[in-house]
Amino acid sequence: MRNFEKSAKLDHVCYDIRGPVMDEANRMIDQGIDILKLNIGNPAPFGFCAPEQLLRIMNDNLSTTEGYSDSKGLLSARKAIVEYNKKKGIEQVTADDVYTGNGVSELITLSMQGLLNHGDEILVPSPDYPLWTASVTLAGGTAVHYVCDEQAQWYPDIQDMKRKITERTKGIVVINPNNPTGALYPKEILKEIVELAREYGLIIFADEIYDRLVLDGLEHVSIASLAPDLLTVTFNGLSKSHLIAGYRCGWMSLCGDKSFAKGYVEGINLLSSMRLCSNVPAQSVISMALEMGEETKQLLVPGGRIYEQREYIYQALNEIPGISVVKPKAAFYMFPKIDTERFNIRDDEKFVLDFLKDKKILLTHGGGFHWEKPDHFRVVYLPELNQLKAACEKLSDFLTYYKQKD
């Protein structure tokens, strides 16, 4: 028989959140070894439950959501998303500008496939949520990474962004609140990004899936609200804020001036139609879900799980010699820095693999988020406090004797 290899289109595509280290973790699990997974933002395994009212609504709608919906989604869901956009200060969106998806992940890939030709460039943050880079690459484009500055609360380096714009650049990806750093960008930073997009005629791709998971009484500003004269493609969903990641319920809104992007919109419509529609039972809860918020808010204030777990692990990690971390303002991730000279770390993937094998705890290395230096890793702080305490104690112990072998 002839051999069948993977497509060459995948040669430079990676998604290390579920990569080789995860493969090793799965082998260990198959051997009966218990692994604490601090690598994926999946609330359900850690005891976070969706609001009962939401589950009841979906259950009640099952008999009426057996068929396909419009390729863009249920009209009731899209109208609710339009209203949500208005609450965020985004006025130029109609139901026809909204596309529901099987999570934001599907729509990120769709948005890149509909736009990019070979050699086109998209500015993507470093560190990034790796699906963005993978989707740009798979669509035939080139992801050009601009730096987010750890010394400045992980805000984008606007000058670095500007230096990397070329005649091939078509858009800028802004992940706010940010994954993996937990940073929340102030309006002043967002305005500077808008000015760059305006000056160079670029589309803004705004990944705002964590906009309802903001801590410390702060407020999320949607970048589309600052750019009514530009095209901003805004992504959001219920996976994180309403704790239904497995139901795959996301959406994409084409915001602002779409008059110069008619061809792109045609491409989006074509691709949307080709996948028929997204999960219809999940769509059926969008309108109600966007009227709910108290359950999530209770998690984010003092005494709430996410808040208290953030407070604990931020302090605990900073107390470990050789580790430092910027306090996240949103989501449920942090991106600690490790002293590579102290531990002779030259390969961050090997570091998290060694830690996994020794202490049975799964992290994601910084390189998995297109961070060039081997000096960071991401921690998901969804587990309960007793699990986080055990994890930090094991990391602290591990680093008392760990030296990476060359």
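From a predicted model like this one, the values you see are computed outputs, not experimental measurements. Residues take their numbers from the sequence shown, with the count starting at 1.
Applying the salt bridge (charged side-chain N to carboxylate O under 4.0 Å, His left out) test to every pair with at least one member in residues 138-162, sequence neighbours left out, gives these pairs: D160-R163, D160-K164. Among residue pairs with one or both ends in residues 98-115, those qualifying as salt bridge (charged side-chain N to carboxylate O under 4.0 Å, His left out) are E106-R275; sequence neighbours excluded. Residue pairs meeting the side-chain hydrogen bond (donor to acceptor under 3.5 Å, both in side chains) criterion with at least one partner in residues 188-199, sequence neighbours excluded, are E195-R198, R198-D229. Within the structure, the salt bridge (charged side-chain N to carboxylate O under 4.0 Å, His left out) test picks out the following pairs touching residues 113-137 (sequence neighbours left out): D120-K170. Sorted by first then second residue, the salt bridge (charged side-chain N to carboxylate O under 4.0 Å, His left out) pairs that include residues 356-374, not counting sequence neighbours, are K359-D397.
Remark: the backbone N or O of C255 is not paired with any side-chain donor or acceptor of S253 at under 3.5 angstrom. Listed for the E24 side chain is no donor-acceptor partner under 3.5 Å among the backbone atoms of L353. No donor-acceptor pair under 3.5 Å is formed between the side chain of R248 and the backbone N or O of N279. Side chain of Y381 to backbone of E308: no donor-acceptor contact under 3.5 angstrom is found. For the pair R310 (side chain) and P328 (backbone), a donor-acceptor distance under 3.5 Å is present. The closest donor-acceptor contact from the side chain of N236 to the backbone of E208 lies under 3.5 Å. A donor-acceptor contact shorter than 3.5 Å links the side chain of T181 to the backbone of A183. Using a distance-only test at 3.5 Å, with no hydrogens or angles considered, a donor-acceptor pair links the side chain of N176 to the main chain of Y185.
There is no side-chain donor-acceptor pair under 3.5 Å between Y129 and D207. Residues K88 and H220 bring a donor and an acceptor atom of their side chains to less than 3.5 Å of each other. Using modelled atom types and a 3.5 Å distance limit, the side chains of N178 and W154 yield no donor-acceptor pair. Between the side chains of N269 and Y264, not a single donor N or O lies within less than 3.5 Å of an accepting N or O. With 3.5 Å as the limit, one finds a donor-acceptor pair spanning the side chains of T100 and S278. Looking at Q315 and E311, their side chains never bring a donor and an acceptor atom within 3.5 Å of each other.
By the 4.5 Å heavy-atom criterion applied to side chains, V21 and T364 are not counted as neighbours. In this structure, the side chains of M292 and L54 come closer than 4.5 Å at one or more pairs of heavy atoms. Proximity of L230 to D257: side-chain heavy atoms (C-beta onward) are nowhere separated by under 4.5 Å.
For N386, the side-chain contact (heavy atoms from CB on, under 4.5 Å) partners two or more places apart in sequence, or in a different chain, are E384. In this structure, K37 has no salt bridge (charged side-chain N to carboxylate O under 4.0 Å, His left out) partners at least two apart in sequence or on a different chain. Residues satisfying the side-chain contact (heavy atoms from CB on, under 4.5 Å) criterion with C249, sequence neighbours excluded, are L238, A282, I286. With sequence neighbours left out, the side-chain contact (heavy atoms from CB on, under 4.5 Å) criterion links N61 to I57, T64, T65, S284. Residues passing the ring-ring contact (aromatic ring centres under 6.0 Å, His included) test with Y210, sequence neighbours excluded: F332, Y333. Residues that satisfy the ring-ring contact (aromatic ring centres under 6.0 Å, His included) test with H370, not counting sequence neighbours, are H145.
Salt-bridge formation is not detected for the pair R56/D60: no Lys NZ or Arg NE/NH1/NH2 atom is positioned less than 4.0 Å from an Asp or Glu carboxylate oxygen. A salt bridge links K258 to D97: at least one charged side-chain nitrogen sits closer than 4.0 Å to a carboxylate oxygen.
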Scan the side chains in residues 299-306 for donor-acceptor partners under 3.5 Å anywhere in the protein, sequence neighbours excluded, and list what turns up.
from: R305; atom 1: NE; to: Q309; atom 2: OE1; distance (Å): 2.9
from: R305; atom 1: NH1; to: F46; atom 2: O; distance (Å): 2.9
from: R305; atom 1: NH2; to: F46; atom 2: O; distance (Å): 3.1
from: R305; atom 1: NH2; to: Q309; atom 2: OE1; distance (Å): 3.3
from: R305; atom 1: NH2; to: L382; atom 2: O; distance (Å): 2.8

Start with the C-alpha gap between V233 and I203, add the side-chain angles, then the distance that decides, and say whether side-chain contact (heavy atoms from CB on, under 4.5 Å) holds. CA-CA 8 Å; V233 185; I203 300 173; 4.0 Å; yes
Would you please test H365 and F377 for ring pair (Phe, Tyr, Trp, His ring centres under 6.0 Å) and show each step? CA-CA 4 Å; H365 65 293; F377 57 94; over 10 Å; no
